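Report on one structure; see the data block that follows.
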2 protein chains.
Amino acid sequence: MTLKDVALASGCSIATVSRVLAGTRSVGAETARTVRAAAERLGYRPNHVARALRSRSTGTVGLVLPQITNPFFPTLVRELEHALHAEGRAVLLADCDDDPATEAARISALLARQVDALLLIPVDERHSREAVAAAAAQVPLVLLDRGCGPGVADSVAVDNAAGMALVLAHLAATGRRRPCFIGAAGTASAAVERHTAYENGAAALDPAAPGRLALGDFSVEWGRAAVDRLWPARPDAVVCANDLIAAGALQRLRQLGADVPGEVAVTGFDDIPLAGLADPALTTVRQPVADLAAEAARLLSRRRADGSSGPCHTVRLAPELVVRASSGAAAPAVPDGSFRAS
Amino acid sequence: MTLKDVALASGCSIATVSRVLAGTRSVGAETARTVRAAAERLGYRPNHVARALRSRSTGTVGLVLPQITNPFFPTLVRELEHALHAEGRAVLLADCDDDPATEAARISALLARQVDALLLIPVDERHSREAVAAAAAQVPLVLLDRGCGPGVADSVAVDNAAGMALVLAHLAATGRRRPCFIGAAGTASAAVERHTAYENGAAALDPAAPGRLALGDFSVEWGRAAVDRLWPARPDAVVCANDLIAAGALQRLRQLGADVPGEVAVTGFDDIPLAGLADPALTTVRQPVADLAAEAARLLSRRRADGSSGPCHTVRLAPELVVRASSGAAAPAVPDGSFRAS
DNA sequence: TTGAAAGCGCTAACAC
DNA sequence: GTGTTAGCGCTTTCAA
């Protein structure tokens with residue numbers, strides 16, 4: 001079934017049929033009806049490949065992620081897929097195995113396939129930069145969740161500092177005074193921003209708090225290990241840079257016999273599905289995933305309109321605090337019943 | 001940069017360049033070298049769209065899933081992406097929101113984009129059948145993880161019955177004698193097969209065991225709710241049809257003050273990342289995800305060779321039991337210290 | 001408003 | 001082994 005068949009069946013030219021079906025130009029009402037009827041009758045389906053070759057636009061968007069198994073990404077992928085599908089675009093998925101070299105290879109494979117645009121969560125702030133910049137010069141590209149150096153491309157992410165501030169305000173309001181922080185080392189923007197925001201905000205609770213921290217990576221294992229380093233200081237709150245760290249911290253605290261939340265509160269970041277399932281359920285910062293996806297799609301369209309020059313837009317979306325059991329009521333600081341001035 | 005440019009630069013015809021670069025036919029060693037050098041020098045990148053239009057093969061595979069947020073799928077997607085990328089294919093991702101109508105729409109969108117093949121985890125055994133059968137008539141199609149009625153398409157999945165048998169054997173070996181089962185209702189193949197395998201295997205432990213079960217869905221919430229129904233019967237093992245159910249069961253049992261694993265063992269199925277993080281860590285059945293992906297890719301190639309006729313192949317892969325704390329040593333049945341004959 | 005015709009970049013017959 | 005040629009199905013000038 002090609003345009004030619006429809007043209008033959010409807011008694012007009014291929015060009016006219018194309019115009020009717022693609023809606024490119026005004027066509028006589030009568031002709032249009034005839035053509036549409038013929039197309040319908042023959043079950044005509046346009047050939048996207050031919051259309052792409054001619055119009056130099058495939059209608060596909062490449063989605064490049066560090067690791068689909070990172071539990072924060074599936075919901076994001078889902079929202080992105082829906083947002084793009086709603087505009088009639090298809091999503092080419094690439095998983096980079098958390099490796100910048102693989103990432104560079106995937107990016108060029110997608111470019112070779114003529115994706116119209118790229119949505120990319122960079123593997124690494126520094127090591128991804130070169131490949132990302134090169135790609136951004138070729139197609140509209142929007143960075144998601146993580147940055148990649150200033151001025152490289154448009155980007156959309158949650159406001160990490162605001163999220164951390166929400167956590168600290170909540171801890172302060174519920175009477176916690178000796179927080180500590182388990183974060184991630186390295187230059188990844190989420191790691192740096194959350195860490196910095198903790199240091200800036202925690203001083204208000206306790207002058208010694210900003211120094212009470214340990215930096216590792218965004219994993220459960222690190223959460224467990226870090227507790228062993230920080231617990232001797234007897235914090236009354238463990239602020240974690242993401243939910244995986246918090247899950248590990250929770251586990252280890254329980255093994256050590258600590259009472260969560262009575263003795264010590266634990267908080268996460270991201271609100272991955274695991275957070276609600278932990279025991280006690282994890283207080284955390286929810287990323288506005290659907291909004292992130294919508295905003296990314298919007299930036300993509302805008303960039304397509306503006307051309308590859310023009311300044312980079314950076315969008316920061318406000319997160320939301322989700323209070324659950326892990327930061328519930330603290331036990332009295334002096335549990336023997338004596339009076340304590342608050 | 002087109003073939004024409006390379007042809008001009010290397011002094012031979014477009015066709016020859018095509019043959020060298022696509023490796024379609026034997027070419028003189030000398031010519032080949034010249035051509036390759038020219039292509040390299042000019043930074044030639046083949047245009048996949050034009051190639052697809054001409055050769056009627058896009059080199060893309062559609063991957064259709066019920067919901068990427070189902071925690072079992074990300075690892076599978078990752079393995080599939082890697083397996084396909086290794087053969088130079090790109091993956092078009094479609095998420096169906098667990099809805100058969102959306103699934104049908106996504107399938108036809110992918111078909112319109114001329115995917116070479118479809119990898120599909122059906123949303124529903126019955127309601128997906130029509131769209132799947134129609135798609136299978138057009139392109140090679142392999143069903144993954146779940147079935148879709150007999151004879152519809154090639155399929156690859158874990159051997160659910162074998163997995164359940166491993167669980168029951170383990171429970172028997174560790175002295176459990178009053179198992180119960182929390183499963184999922186409906187016709188989904190995993191639900192039916194695991195349920196049936198439990199009924200068949202549990203009778204060996206206890207004649208009453210096959211009847212001690214509750215059927216709901218594959219969710220944490222159902223796991224919690226089912227415990228309330230089954231716990232009054234005082235089982236010494238709760239066999240769950242997947243890890244999410246088991247996570248819910250574990251939660252609720254702890255709320256009820258039950259001692260896991262001392263008083264009651266809990267087992268899951270799939271070995272999603274959550275399983276290792278639960279407390280106590282969950283004994284479960286690990287799906288051979290990488291093998292499933294590899295086998296799916298293999299079936300796809302074979303189907304491409306065989307043509308769309310020919311009998312459907314069904315591959316079942318052996319699962320592996322992962323023993324963790326949730327099925328550890330049982331407490332003595334009579335904890336008051338009196339002698340108990342084993 | 002419509003039609004004829006020229007390709008998009010590539011592969012695949014078919015000649016030589 | 002290599003070149004010539006004819007399209008794949010579509011969009012888009014350019015004329016009418």
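Order of the sequence lines sets the chain letters (A, B, ...), proteins ahead of strands, with each chain counted from 1. Note that this is a predicted model, so its numbers are computed, not measured.
Among the nucleotides dT4(D), dT2(C), dC10(D), the one closest to the side chain of Val27(A) is dT2(C). You'll find that the side chain of Ala15(B) is closest to dG3(D), out of dG9(C), dC10(D), dG3(D). Taking only side-chain atoms of Asn47(B), from C-beta outward, the nucleotide of dT2(D), dT2(C), dG9(C) with the closest atom is dG9(C). When each of dC10(D), dG9(C), dG1(D) is scored by its nearest atom to the side-chain atoms of Ala50(B), the top-ranked nucleotide is dG9(C).
His313(A) and Arg303(A) are not linked by any side-chain donor-acceptor pair at a separation below 3.5 angstrom, with hydrogens and angles left out of the test.
One atom, CG of Leu21(A), and another, P of dT12(D), lie 14 Å apart when rounded to the nearest Å. Per the geometry, CG belonging to Leu53(A) stands 12 Å off P belonging to dT11(C), to the nearest Å. Here the P atom of nucleotide dC10(C) and the CG atom of Leu8(B) are 14 Å apart, to the nearest Å. Counting to the nearest Å, the C1' atom of dG9(C) and the CZ atom of Arg113(A) are 16 Å from each other. For Asp5(B) and dG9(C), the CG to C1' distance is 11 Å, given to the nearest whole Å. Ile14(B) has its CD1 atom 13 Å from the C1' atom of dT2(D), to the nearest Å. In this structure, the NZ atom of Lys4(A) is 14 Å from the C1' atom of dA4(C), given to the nearest Å. If you take CG of Leu3(B) and C1' of dT2(D), they are 15 Å apart, rounded to a whole angstrom.
Below the 3.5 angstrom threshold, one finds no donor paired with an acceptor across the side chain of Arg19(B) and the base of dG1(D). Remark: the Arg54(A) side chain and the dG7(C) base include a donor-acceptor N/O pair separated by less than 3.5 Å. Scanning atom types as modelled, no donor and acceptor separated by under 3.5 angstrom connect the side chain of Arg25(A) and the base of dT11(D).
When heavy atoms are screened at a 4.0 angstrom cut-off, Ser18(B) is found touching base atoms of the nucleic acid. Within 4.0 Å of Arg56(A), counting heavy atoms only, lie sugar-phosphate atoms of the nucleic acid but no base atom.
In this structure a side-chain-to-backbone donor-acceptor pair under 3.5 Å is missing from Arg89(B) to Thr60(B). Under the 3.5 Å distance criterion, the side-chain polar atoms of Asp116(B) are matched with a main-chain donor or acceptor of Thr58(B). Of the possible polar contacts, one joining the Thr34(A) side chain to the Glu30(A) backbone as a donor-acceptor pair under 3.5 Å is found.
An OP1 or OP2 oxygen of dT1(C) is reached within less than 4.0 angstrom by no side-chain nitrogen or oxygen of Thr31(A). The shortest distance between the side-chain N/O atoms of Ser13(A) and the OP1/OP2 oxygens of dG3(C) is below 4.0 Å. In this model, the phosphate group of dT11(C) is approached by a side-chain N or O of Arg51(B) to a distance below 4.0 Å at OP1 or OP2.
The nearest heavy atom of DNA chain D to Cys12(B) and to Thr16(A) marks one nucleotide each, and the one closer to the 5' end goes with Cys12(B).
Sorted by first and then second residue, the side chain to side chain donor-acceptor pair (under 3.5 Å) pairs involving residues 127-140 of chain B (not counting sequence neighbours) are Glu103(B)-Ser128(B), Asp124(B)-His127(B).
The pair Asp97(B)-Arg78(A) counts as a salt bridge, with a side-chain nitrogen and a carboxylate oxygen less than 4.0 angstrom apart.
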